[in-house]
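Here the structure is laid out as structure tokens; the discussion comes afterwards.
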Amino acid sequence: MNDKADLKKSAGNEPEEQIQIPLADLIKTRVDKSKELKQLGIDPYPASYKRDHLVRDILSDFDTFVSKETVVRIAGRIRLKRKMGKVFFADLYDSSGRIQLYIKINNVGQECFDLFNSVDLGDIVGCEGTLFVTRTGENTLSATSVTMLAKALHPLPDKHSGLADKEIKYRRRYVDLIMNEEVRDTFRLRTKMISLIRNYLNNLDFLEVETPVLQPLYGGGNAKPFETHHNRLDMKMYLRIADELYLKRLIVGGYDKVWEFCKDFRNEGMDRLHNPEFSMIELYWAFADYNDMALMFEDMLRHLVFEMHGTYKIAYGDHEIDFEPKFKSISMIDSIKEATGLEMMDMSFEDAKAAAVDMGIEDDVLINWGKTVEAIWEKKVEPNLIQPTFIIDHPVEISPLAKRHSDNERLTERFELFIGGGEMGNAFSELNDPIDQLKRFLQQGKAMEAGDDEAQPLDDDFITAL
RNA sequence: GGGGGCGUAGCUCAGUGGUAGAGCUCCUGCCUUUUAAGCAGGCUGUCGAUGGUUCAAGUCCAUCCGCCCUCACCA
């Protein structure tokens, strides 16, 4: 924990000094061991090792490996080590799992036994041998040779309590990945999900594109941007907060279906669920309205959940979420009525505001009818949307890029999907009337002047495109 | 930004004014099927930083730094 301060102190020193300051003694013994290996002519960091099996492959067909006395070569990190006289037991972890090693002096010889004696927890080793089952019934690899592949100079977190320091967990993700299998699984699952989405959209003839991250003007969402500067052009630039306006330009240009896996940047407060740098997917579909979009989105999610988990039901916190039934769909206005009895459509801005203040909502966000509806909805409805639920037809004031509803011009043709109390997606019949779009931008401009630093600036080129 | 909490050995944590501790790690020895191996012995601290109160501060006070939780805002 104090490494940070210590590293600051040692800034500018030689690397060797830097690492000796924080963990002096523990690291020194490991560095010494590393030097001893070199003196014996053993490279503590060899370039390669020809392994021929993953741990998972061995364990999944263990009996066959035992009966055929197959010689296998594996490689991985030593996480636990138990010495018993002239015998070692150790737990080796590779990317696929854990297996116990058995290193007996009679089998590996004095030299190799001594080498393994100097192995520290955290070192990466290669191991060749055959398989057997111990007296206590554990599937084990009996080594015929052990090779040092990478000497670890820092000790691992406590073998019993694991990595408890959240700061290290997030700042040094690699330590968390070493210690916690489920973290590795989470990352794998994320990659699988992206791949499934890509295949799904490809199959529907959506064209995957890339649009600018560095933009002269930001837009497509309500957020504060990161600012940067282009030296040669001597020009202020922004990191994108959304790719929406660029994807829509592509629709204007003649593509029917486009999408992007998009890394965005928002200069706002951060917490466990909000990273300044985050990823999202946006897709645009010409001639389709928000009902078409909702049907596709629902189908895609149901497909993803099943492909990733093999079931439609997944555990989330204290809840089980079921993706199999048709998702519920209710308008924002009706959902408020259901939860509170209030009929927002019949209420003026003043009445709505009074009702919101009664609920304990701070009145500085209540700047118009739509914002007030949203605030009430967020307080009374959103947290309870555990099972997949489409909320549709949002007020126009909170949806500057959405087309007005064909039945009611105070509302828009828009949906957001909520699962587990959080938003999972947002879509609308896109506003394609350039005159109305210009009005909405001008409205946003007023909001910006009024101090709303998340309002969107006017994008002339986008209006021209429409 | 508001409110609450935390910071002591490499790791996890005890220690509420009077000689800085435990378990694990690490080092030494014994132990040829152990598994949080065991047994015996040993090393390890700017108690987050600075200032103050006190005969005496890890402990009380102030300021600062860092982190966590929570509320507000957002995805």
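Sequence lines set the chain letters: A, B, ... in the order given, protein chains first and strands last, and positions in each chain run from 1.
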Legend entry - Lys/Arg cation over aromatic A:F187: A:R190, 6.0 Å, 45° cone: no

Inset, instruction - Return the 5'-most residue of the pair A:F89, A:E277 with respect to RNA chain B, ranking by each residue's nearest nucleotide. - result: A:F89

Inset, instruction - Both distances under 3.5 Å, Watson-Crick or G-U wobble: report the partner of B:rU34, or none. - result: none

Inset, instruction - Write down the distance separating the C1' atoms in B:rA14 and B:rG23, rounded off to the nearest Å. - result: 11 Å

Legend entry - Nucleotide nearest A:L121 when distance is taken to its side chain, options B:rU35, B:rU32, B:rU25: B:rU25

Inset, instruction - Mind checking A:F132 for me? I need base, sugar-phosphate or nothing, with any heavy atom below 4.0 Å counting as a touch. - result: base

Inset, instruction - Quick one: label A:N106 by what it contacts on the DNA or RNA (base, sugar-phosphate, nothing), any heavy atom closer than 4.0 Å. - result: base

Inset, instruction - Look at A:D123 together with A:K33 and state whether they make a salt bridge at an N to O cut-off of under 4.0 Å. - result: no

Inset, instruction - Between B:rA20 and B:rC43, how far apart are the C1' atoms? Round to whole Å, please. - result: 16 Å

Inset, instruction - Could you check whether A:M84 gets within reach of a base, just the sugar-phosphate, or nothing at all, counting any heavy atom under 4.0 Å? - result: base

Inset, instruction - In whole angstrom, give the distance that lies between atom CD of A:E423 and atom P of B:rA75. - result: 6 Å

Legend entry - N/O donor-acceptor pair, side chain A:T134 with base B:rU34, under 3.5 angstrom: yes

Inset, instruction - Give a yes or no on whether a donor-acceptor pair under 3.5 Å exists between the nucleobase atoms of B:rU34, that is its base, and the side chain of A:R82. - result: yes

Legend entry - Closest approach of A:K81 to A:N117 (non-hydrogen atoms, all atoms of both residues): NZ-O, 3.0 Å

Inset, instruction - Return the nucleotide paired to B:rU44: Watson-Crick means purine N1 to pyrimidine N3 with N6-O4 or O6-N4, wobble means G-U with N1-O2 and O6-N3, both under 3.5 Å. - result: none

Legend entry - Between C1' of B:rA75 and NZ of A:K224, the distance in whole Å: 16 Å

Inset, instruction - In whole angstrom, give me the gap between the C1' atoms of B:rA75 and B:rG4. - result: 27 Å

Inset, instruction - Determine the Euclidean distance between corresponding C1' atoms of B:rU44 and B:rU70; express it in Å to zero decimal places. - result: 38 Å

Inset, instruction - Using the six-membered ring for Trp and the full ring for Phe, Tyr or His, decide whether A:F278 stacks on the six-membered base ring of B:rA75 (centres under 5.5 Å, planes under 30°). - result: yes

Inset, instruction - With RNA chain B as reference, determine whether A:V119 or A:D91 sits nearer its 5' end, using the nearest nucleotide of each. - result: A:V119

Inset, instruction - Return the orientation label for the A:F113 and A:F88 ring planes: parallel under 30°, perpendicular over 60°, tilted otherwise. - result: tilted

Legend entry - side-chain N/O A:R30 vs B:rC26 OP1/OP2, d < 4.0 Å: no

Inset, instruction - Check every atom of B:rU33, B:rC27, B:rU32 against the side chain of A:T29 and return the nucleotide holding the closest atom. - result: B:rC27

Legend entry - Ring centres under 6.0 angstrom apart (A:F132, A:Y102): yes

Legend entry - Interatomic distance, A:K104 NZ vs B:rU35 P [rounded to whole Å]: 17 Å

Legend entry - Closest to side chain of A:K33, choosing from B:rU35, B:rC27, B:rA37: B:rC27

Inset, instruction - Measure the distance from CG on A:D120 to P on B:rU25 and round it to the nearest whole Å. - result: 12 Å

Inset, instruction - In whole angstrom, give the distance that lies between atom NZ of A:K371 and atom C1' of B:rA72. - result: 13 Å

Inset, instruction - Provide, to the nearest angstrom, the distance between the CD atom belonging to A:E416 and the P atom belonging to B:rA75. - result: 8 Å

Legend entry - A:E260 side chain to A:T211 side chain, donor-acceptor N/O pair below 3.5 angstrom: yes

Legend entry - A:Q100, nearest nucleotide to its side chain (from B:rU33, B:rA75, B:rU35): B:rU35

Inset, instruction - Write down the distance separating the C1' atoms in B:rG21 and B:rG58, rounded off to the nearest Å. - result: 12 Å

Legend entry - Nearest-angstrom distance, C1' atom, B:rG7 to B:rU12: 14 Å

Inset, instruction - With C1' as the reference atom in both, quote the distance from B:rC6 to B:rG48 in angstrom, rounded to an integer. - result: 11 Å

Legend entry - Atom-to-atom span, CD of A:E36 to C1' of B:rC27 - whole angstrom: 13 Å

Inset, instruction - Quick one: label A:K83 by what it contacts on the DNA or RNA (base, sugar-phosphate, nothing), any heavy atom closer than 4.0 Å. - result: base

Legend entry - Closest non-hydrogen atom pair, A:T130 against A:E69: CG2-O, 3.7 Å

Inset, instruction - Any strand is fair game: report the nucleotide pairing with B:rG66 by Watson-Crick or G-U wobble, both distances under 3.5 Å, or none. - result: B:rC6

Inset, instruction - Just compare B:rA75, B:rU33, B:rU35 and give me whichever is closest to any side-chain atom of A:Y102. - result: B:rU33

Inset, instruction - Calculate the interatomic distance between A:E138 atom CD and B:rU33 atom P; express it in whole Å. - result: 15 Å

Inset, instruction - Return the nucleotide paired to B:rG51: Watson-Crick means purine N1 to pyrimidine N3 with N6-O4 or O6-N4, wobble means G-U with N1-O2 and O6-N3, both under 3.5 Å. - result: B:rC61

Inset, instruction - Describe, in one word, how the ring planes of A:F226 and A:F265 are oriented to each other, choosing from parallel (under 30°), tilted (30 to 60°) and perpendicular (over 60°). - result: perpendicular

Legend entry - Nearest-Å distance once atom C1' is located in both B:rU16 and B:rA56: 16 Å

